Structures are given as C-alpha cells and as structure tokens.
**Student:** 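Dropping a structure here in structure tokens format, bear with me for questions.
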Amino acid sequence: MSIDDLELNIDDSYIPLLGNLKEEYKVDFFLARFNNSISTNIKIDFGKMKISHISQNHGFSILVYLNGNKGFAVGNEISKNLIEEKFREAYKLAKYSELLDSNNSNKNMKIKELDPIKVKIKTPQKKNLLDINIEDKLKFLLDEDKKAKNYDKRIINTNSIYGDAVSKDIIITSDKRIIESISSLARIMIFSYSKENDIYESSRVSVGITGGFEIVDIANDIGLKASERAVEILSAKSVKAGKYDIIMDPFLTGTFIHEAFGHACEADAILANESILKGMIGKKLGPDFINVVNDSRLENKFGTYFYDSEGVESKKQYLIKNGILNSFLHSRETSSKMNVEPTGNARAASYSDLPIVRMSNTYIEKGDWSLEELIGEMKNGLLCENWNYGYTQPNIGNFMFKMERAWKIENGEKKELLRDAAISGLVLDVLNNIRAISKDLKLDPGICGKQGQYVPVSAGGPCVFIKNMVIGGL
Amino acid sequence: MKLNSDFLDDLEIKLTTLMDKGAKKLESYNEIKQWEIFGGIEQELNARIEKGSVKLIELSELNEIMVRIFGENGKTSSFCVRKLDFNILSNYIENALKIMRSTVTNPEFKKLAEKKNAIKLIEPNWNKETANLDIEDINPVIKDFLNQNQKDNRIISVSGGISIADLRIRTINSNSVDVKDKSTSCEIGVEYTMEENIKGIKEYSSGSNYQVYINWNDLFKDYNFIFDYALEQTKLGLKKTSIETKDYEVILSPYAVNALICKPICSAINAELIHQKSSFLLNKLETQISSDILNILDNPWLENGISSGSFDVEGTPTKPLQIIKNGVLKNYLHNIYTSNIFGIESTGHATRKSGSPIIEIKPSNILIEPGSKSYIELIEEVKDGIFFENTYDSPNLVTGEFSGMISKGNIIKNGELKESIRQAMFGVNLLDFYRNIEAISKDMIRKKDRYLPYIKISKIKISGNE
C-alpha cells in the first residue's frame, strides 16, 4: 500500500460545483467531506495468528442546513454526478424535516460563517506507516506477545493487538473553508490473563499515538508490563464495600474526567437538556487549584487533530478554570445556537457519520503534591489504579467506574493489594470533595463511543485525592 | 424518499457476480488452501429526535465485501473493501496473499464451514412493505415522538430515534458453501429526562426503552407502549432515597435479568472465552450452576424471532440448543474456529460486525422458561427488599464477580413499590447469585431477541449511601 492508494481525485472544479448546488437549492450552509482511508489490524493470541487484516474506506457525505433543519446523504463512489444526486437528497431530507417539524425552535438558526481558509495539513510521522511492511508490524507484536506469554507460568493466555490507520480527507464548506489533510494513528494493546488455583485475573496495557510506526519506541515491553500486572493481582483480596477516602491514579483520573465530567460539557447535551452542567457557566464546581482542559493539539496524543470534521481549527480549551466552570465543547451548530465561538470539537468517526460534539485529549492539570505526600495524608483509604470500564449518565450526573485494582492505605502506608472494586458517585459532589492533586501528569489512549460513533481520544491527569467516595465491592 | 427493495435486488445481483468472480480468482492460487467471501449490502432510513425536534433524517447505503484466505497451517490474512469493483477486489486479493505469506501459523485453524443442507429452512425475516417504506410512512410516529414532552410538565428532554433497514448477505467458501439471507429490521428507542424540585433540591431521573421488529406494522402497533414504559420508569426514578447497606431480597426486572443473568451467561459460554480460559463457566458443562428452576434455550428457529435464521454467517446450519436445563449448564456456543479447536461440530453461532474481520460468537433468540407466578405476586411476597430495574454494568467474566451500580431501582416495603433508591451498589459472585434464584414470573417481556421474565433472588448485598 502507498500514499497513491489514498488519492481522492478531487480538483478545484469541485468547489464551484458545490457552490452552484448551494445556489440552486438555496440551502443556508453545506459541509462536504471526502475520505479515503486504509487501516491495518493484527491480532495474535498466545503466539498464534488470529487476524492480519487490511480495510479500505472510500466515499463522501454532504450535510446541508436549511432553515435550521439538517439533511445528510452519503455516497460510496466519488463522482460529480453522484455528488449532485446526494446534494439533492440531502436538500430533500432537510426540506422534509422542515415540513414535518413546523414548530422547530431552531428554524431561525443559521450556521455562523467563519473566515475562508485553504490549508493542507499532515500528521507528522517519523516512520511512515504506509512504508512499513506488515512483516515488521507483525514481528513487533509477536515479540511483545512472546514477552507477555513467557513472563510467568501463571500466564494462561494473551491477546495482542496492533492497529493503524492512514486517512486522506478533504473538507469543503459553503463559507469556503477547504481543508486537505493526511492523518495517521497507531495503537498497540496487550491483554494478559493469569491463573493461580481457582483465581483468574487479567490486565491490559495499551499505547496509542497520532503519528507513525515510531509507536514501537514507546510500546517496547508493554507485553511484559501487562503480564506483570496480571500476575501481581492474583494475590489481591476483594475490596469491602463502603465509603473511603481515595487517591485516583492518572488513568482512573482520566476515566473520571472524560466520562463523568467531559461528556456533560458537550454542548449538544447542554442544548438537549441532557447535562447537569446546563446554566452553570461561571459557577464554582471545585477548589481553586482544579483546572480541567480539553486540548486537541497536544503533540502526538491519541486524540490529537488540527481541524475538526467541520473544518474548524482545534484548540486548547479550559472547561474548568481555577475551580470555575469556564466553557463547553462545541460544533458549528451548537456554537451558532448558543452564540459563542466554535471550539473545533465536531468529530465524525467516518465520512458516512454526522459530525457530533466530541472530546479529544481531556485531563486535569497537575498540582504540586507528590504521590508519596498524598499517601502520607491518608489515614484509612484506597489508592485506586487503572480502570476496566466505566459509564456515566450526564443528564443525572452519576457515574460508575470499575478499577483494575487498588492498594489499601493505612496511616499513610501502602498495605495489601485489592481487586474488583468500583467507584460511583455524583460528579458535582466528587469535584467538590477533591482535596489535593499531584504533580505527575499522564494520559492514556482510548476509544470513546457516542451515538454509535467511535473516535480516538486520550484522557488523564495527575493523582487526585478525594474524600468520602462510595466504593462497591463484594 | 424511500427504501427501495428493487434497487437492493439489482445491487445484490452485482454483488453476487462480483463475489463469483472473486472466488474464481482465489481458486487460481495454489497457495490459498481455503477461502471465504462474505458480502453484505444494506439500505437504511434513520430519523433522530432530540429535545422534541427532528435532529436528522438520513437515508444511507452500505456495501461491504470481506475476504478471508488461509494457507498452510492456518496462516491467514483478510481484507474488507466497500467499493463493488473487481479491479479493487483483485488488487486486494493479491495484497492479502503477500500478507498471508508473512504471517505466522495457527495450527488450531483446520477448516472452514463445509457444505451442509439446512436442518430447517427458516423463512427470511424480510417484509416487502418494510423494505419499501416511504419516509411519509414514518410520519405519524415522528409526530408522536415530537409531542412526547407534552405528556408531563416535568419532562425536560426526549431523545431517541427510529431506524428501518433492509439487509442482504451472502457467504461463499472453498468448501462449496453458498448461503444467503435477507432481513428487514425496524428499531425504535426513546429516552426521557425529568427534573423535579423536591424540597428545594433539583432531582433528575431518566428512563429509556427500545425494541426491534421485523415489520414496520408491528412497530406501528406497539410504539406507544414503548414510550409509556420508558416514561413510567422515568417517573419511578424521581424522589430518590438512600438505603442502608445490608442483604436484601430482590426482584429483578426483565432488564436486570438481561444484565445479570442472560448477558453474563451468554458471554461466558462463548467457546472462544472457554478456550482462552477467560470464562467463569470454564469446566462447568454438566454441572449445576444455578437454582434448578432456571432453564434457558437458544432457539434460532423461533417463528418471527429477530435472530432466527437457517445458517450463521460462516454458512453453518443452525439448530436449537439448550443452554441451561434445571440449573445444569448443557452447552457452549461455537463458531468454526472454536469447533476446530474443540474437535466438534460448530453450533452455528458465528456472527460478524460490519467492517470487522473478527468472527464472533453470538447466541440467537434466547428464551428463559417462565415460572408460575405473576410478577405482581412476586413483589407482594417481599417484605423488605429492592426492585432492581437495571444496571449498565458488566461483570468480570474471568472471575464471575460482578460489582456495579443499580442505575435504577426502588424500595419494596410490605409488597409495594416505594421510593427510588439513590446511588446503591451491588456486589455478587455470579455463581452464588444464580444459586439464589428463588422464583421466576410467568410474565415475559421481549427485548429484541431475548424473552425475559421477572426473577426473585433470595438475597443480594447492596451498599447504600446512608
């Protein structure tokens, strides 16, 4: 595969073509997105080949706004005829929404125009993914799988996964924003499963970047790390349910701030009355030392991008500044409705999906405590590490996250290892109960799902000391 | 603007021709010992509602060809293309061959599905009227959707949508398997959010419901019930109260039965997890894993079942399979790969997600055998307990330990449903939990392809926030 395989064959004549269609159908705004992408997936289970897969996506979509109503149509071949057909289809769907929903409160909404721009942009890759043979990708994964497999005789299985994608996109909007981009990302994950007597455990370690095959430079030995953790947790005891003071490690902090708080900051949830943060801009949510950031431009992070799926520049956005709710995340539609600037957070998982408000790299800024100092402050509590999964209800503000493991802390000292614990609570209570944060900041890659669309993100922060958390256990 | 089955019929002919040409090309390589081509085409009409307005109406098509090739000793490679174009397919076959050469072996893979006649030919879950649904036909339901927020002045948000699809699939392989299927589906989902000011404090509650049908007319007859159920659940979620931490008698709603019984068991009997020694039901065949009143059947032949079919996606014929009989675990679910490993016949449970190379294992229609009492009788028997409506959590399938949050539940006092509970967590070992199944209701609710009763559990430890 080469970069030539990603050719879109879109020339400058497509710009007046789309402009003419806008005039013909008298739509208020259009967004045309063209995409050609190639992805590679490899999976090895305990030394055995499971999957070596290449996938190619190719197509375009047209989104139009007409009197506040949207129409969206997708084409699987790129040709001028099909673009005309799909533009007409998108117009008809928007018109149909208008007829159906005559009381639509958005009918006077117009997408606010931005300054015209024409840019070409490329994700920097030190080792170009399309230049690397699949043999090299396979060899690296096999080595890591082997390290995981051979770590200890109590390791009974491994799942090792490599994935990368290179994507060429062209965005053309009716306010003449023309963005041509080549983006690339890679992720490696190792799951290790361990057994001793009748106890089964597992652990997962993953790395993910926007960039190229240089991912292997930071993924070295992740197989070893996954198995080390999977074996270590075999000796853990179950947590007793109850209320504890806790310290969340950077990865659990990331899950909390992304799932429990970040989703509630997405302006589509605010507009739909589905977020407890509605009407709270300017309100104090936590102590002064808490700053929560969504930064789409962090170098090489898994959620990084420079222009969103609507052709808007991405940026660093403070969601909480000095403990006060500062801003929400916006698409062009939500920012137009709320009369604020767009924040470049409209993302679509593929050309055939509608861009919706999403996070990118979300984290709590670091403080000035060391982890040892935080532990030293704790009389009877838990140091909670990593997470297995979590969910939240932004409309109610509650959340639940299953952590991978926890250490019991007694009188400022780390004691035994515990497992199968879950934290739950109400996000606004928890933010208020933060007492201190550490000076070490880490972000973890992940895939975030919303409305059936899955996009790469990262989330993290420092270690966070929280009073009085409800912990579920056995 | 409409779904158009004639258009899809024409596209199906194009897909069939292309798959046959691809098969010929694959046959021309000696190195390729076995191959499989899966083709799928779909047309979908979606309407999404948000905050009482039409958010989006969308008509889309999806084409996909997925090819898996195997060389000596299970060396394998696969690819997926979306364009129905022989040149592209041909290039990818050549590329896949190069990749296959560089992969490592997997002696556990031996053979793809072999040609066998279906034990029973199930009529396709396809309805012509639904496959030609005009956007005008869904008008009344959308209009009712838009009016939902007038049902109660505490409602602050109503979201959801309708999705109607016509899907055609075909699988062919080097063992002369050639099977195809077509289906229509109509899905509806709704979520309400309510706000109420109780003693100066704003309380929020949300409730949702969804259902899937084969025919649009069935959805049309039923959709008000879907709305009403979700609304009732939302109302029940207001006026929350904290509870103390202790053991409670519990009545599981059908949603909770799905989350705590159906989903964990159906996931843990996946033979891939058994092979990976990652299931709490490993080595549990023919052993008692629950109270003896529990019976679960997987029935791919169920008339009008959402997941009924004669073959799975690998071309293996399906048949009904007892999962649990009188509390004893009877079977694991297999695809071709796991059946190769275990040296048995596949049970016909292979499935795949769009665009994914992974052949997964999934049950068909799952039926829990009903009991003799009504769910009202079950509730009336409880003096001091919890009605457990739902949890969004999942268990640790390796250990069978399940701790999570009761996302919705109510106190039961002297046989009556009372206030909803706030922030309560539960923690159980699933095998202990299944042994505590005390009664099963005769009332059943269908959720997509699962037929679920209410179930009484003698005790669960629940951690409250009191």
Side-chain angles (χ1 to χ4, degrees), chain A residues 1 41 45 48-59 69-74 76-77 89 92-93 96-97 100-101 104-106 134-135 138 142 156-157 193 195 200-202 241-242 271-274 276 352 354 389 391 393 395-396 398 400 420-422 424-426 470 472-474, chain B residues 1 50-51 53-54 56-61 63 74-83 92 95-96 99 102-106 108 135 139 142-143 146 156-157 159 193 204-206 245 276-278 355 357-358 392-394 396 398-399 401 403-405 407 423 425-427 429 461 463 465:
Chain A
M1 293 291 164
N41 289 285
D45 289 355
K48 293 180 289 281
M49 194 75 220
K50 279 302 289 283
I51 290 161
S52 56
H53 182 80
I54 307 273
S55 186
Q56 183 157 20
N57 264 337
H58 178 268
N69 294 286
K70 285 195 283 277
F72 185 64
V74 177
N76 294 318
E77 314 265 340
E89 194 175 297
K92 279 186 176 175
L93 289 165
Y96 184 76
S97 293
L100 192 67
D101 190 7
N104 185 355
S105 56
N106 301 324
I134 197 155
E135 288 94 326
L138 185 61
L142 267 172
I156 53 165
N157 194 29
Y193 300 87
K195 183 192 174 218
Y200 291 86
E201 276 300 343
S202 64
L271 284 165
N273 282 339
E274 288 176 352
I276 41 138
S352 58
L354 184 76
Y389 71 87
Y391 70 83
Q393 291 177 285
N395 49 352
I396 294 174
N398 63 354
M400 199 294 305
D420 285 313
S424 79
L426 295 166
V470 175
L474 292 174
Chain B
M1 303 292 286
E50 186 181 278
K51 202 189 165 189
S53 292
V54 176
L56 182 75
I57 298 183
E58 176 189 12
L59 189 62
S60 62
E61 293 134 30
N63 312 324
K75 281 191 160 200
T76 183
S77 164
S78 62
F79 67 85
C80 173
V81 288
R82 304 271 188 205
K83 247 185 172 180
Y92 268 87
N95 192 47
I99 293 171
S102 65
T103 62
V104 290
T105 59
N106 184 350
E108 282 173 349
I135 207 162
N139 260 357
I142 295 181
K143 287 201 164 157
L146 299 177
I156 57 169
S157 170
S159 297
T193 306
Y204 293 92
S205 172
S206 71
T245 300
Q276 293 176 353
K277 301 182 179 68
S278 310
I358 300 168
Y392 298 119
D393 289 311
S394 308
N396 179 337
V398 183
T399 61
E401 282 161 0
S403 60
M405 186 162 67
S407 59
Q423 245 187 299
M425 308 274 291
F426 64 95
N429 175 291
K461 177 151 193 192
S463 317
N465 193 25

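These numbers were taken from a predicted model, which means no experiment stands behind them. Residue numbers start from 1 in every chain, and the chains themselves are labelled A, B, ... in the order their sequence lines are given, proteins ahead of strands.
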**Student:** Evaluate side chain to side chain donor-acceptor pair (under 3.5 Å) for Tyr204(B) paired with Gln393(A), printing each intermediate quantity in order.
**Tutor:** CA-CA 11 Å; Tyr204(B) 293 92; Gln393(A) 291 177 285; over 6 Å; no
**Student:** Specify which of Glu50(B), Glu108(B), Lys143(B), Lys75(B) makes the most heavy-atom pairs with chain A at under 4.5 Å.
**Tutor:** Glu108(B)
**Student:** Looking at chain B, which one of Ile156(A), Asn41(A), Ile276(A), Val74(A) has the largest number of heavy-atom pairs inside 4.5 Å, strictly under?
**Tutor:** Ile156(A)
**Student:** Looking only at heavy atoms and a cut-off of under 4.5 Å, which of Val81(B), Leu56(B), Thr399(B), Leu59(B) has the most pairs with chain A?
**Tutor:** Leu56(B)
**Student:** Could you give the distance from OG (Ser424(A)) to CE (Met425(B)), rounded to the nearest 0.5 Å?
**Tutor:** 4.0 Å
**Student:** I need the residue from Thr76(B), Ile358(B), Ile142(B), Ile135(B) with the largest number of non-hydrogen atom pairs under 4.5 Å to chain A.
**Tutor:** Ile135(B)
**Student:** So how far is it from Asn395(A) CG to Ser205(B) OG, rounded to the nearest 0.5 Å?
**Tutor:** 8.5 Å
**Student:** Would you name the heavy atoms of Leu138(A) and Ser102(B) that are closest together and state the gap between them?
**Tutor:** CD2-O, 3.1 Å
**Student:** Non-hydrogen atoms of chain A under 4.5 Å away: do they reach the side chain of Thr105(B), the backbone, both or neither?
**Tutor:** backbone
**Student:** Quick check: does any side chain N or O of Asn273(A) sit under 3.5 Å from a backbone N or O of Ile156(B), one acting as donor and the other as acceptor?
**Tutor:** yes
**Student:** Among Asn396(B), Val398(B), Asn95(B), who wins on heavy-atom pairs under 4.5 Å with chain A?
**Tutor:** Val398(B)
**Student:** What part of Lys195(A) is in contact with chain B, defined as an atom under 4.5 angstrom from a non-hydrogen atom: side chain, backbone, both or neither?
**Tutor:** neither
**Student:** Between CD1 of Ile54(A) and SG of Cys80(B), what distance do you get to the nearest 0.5 Å?
**Tutor:** 11.5 Å
**Student:** Checking heavy atoms, do the side chain of Ser394(B), its backbone, both or neither come under 4.5 Å from chain A?
**Tutor:** both
**Student:** Checking Tyr193(A) side chain against Gln276(B) main chain: does a donor-acceptor pair fall under 3.5 Å?
**Tutor:** no
**Student:** Kindly indicate whether the side chain of Glu89(A), heavy atoms from C-beta on, has any atom under 4.5 Å from the side chain of Met1(B).
**Tutor:** yes
**Student:** Just verifying a value: how many Å separate Arg82(B) CZ and Asn76(A) CG, rounded to the nearest 0.5 Å?
**Tutor:** 8.5 Å
**Student:** Has Thr193(B) got a side-chain atom pairing as donor or acceptor with Glu274(A)'s backbone, closer than 3.5 angstrom?
**Tutor:** no
**Student:** Where do Tyr200(A) and Lys277(B) land on the side chain to side chain contact (heavy atoms under 4.5 Å, CB included) test, with the steps shown first?
**Tutor:** CA-CA 8 Å; Tyr200(A) 291 86; Lys277(B) 301 182 179 68; 4.2 Å; yes
**Student:** Could you tell me which non-hydrogen atom of Met49(A) sits nearest to which non-hydrogen atom of Asn106(B), and how far apart they are?
**Tutor:** O-ND2, 2.7 Å
**Student:** Could you grab the distance from atom CD1 of Ile57(B) to atom NZ of Lys70(A), nearest 0.5 Å is fine?
**Tutor:** 11.5 Å
**Student:** Picking from Thr103(B), Asp393(B), Val104(B), Asn63(B), which has the most non-hydrogen pairs under 4.5 angstrom with chain A?
**Tutor:** Asp393(B)
**Student:** Taking side chain as everything from C-beta outward and backbone as N, CA, C, O, which of these in Ile99(B) sits under 4.5 Å from a heavy atom of chain A? Side chain, backbone, both or neither.
**Tutor:** both
**Student:** Side chain, backbone, both or neither: which part of Glu58(B) has an atom under 4.5 Å from a heavy atom of chain A?
**Tutor:** both
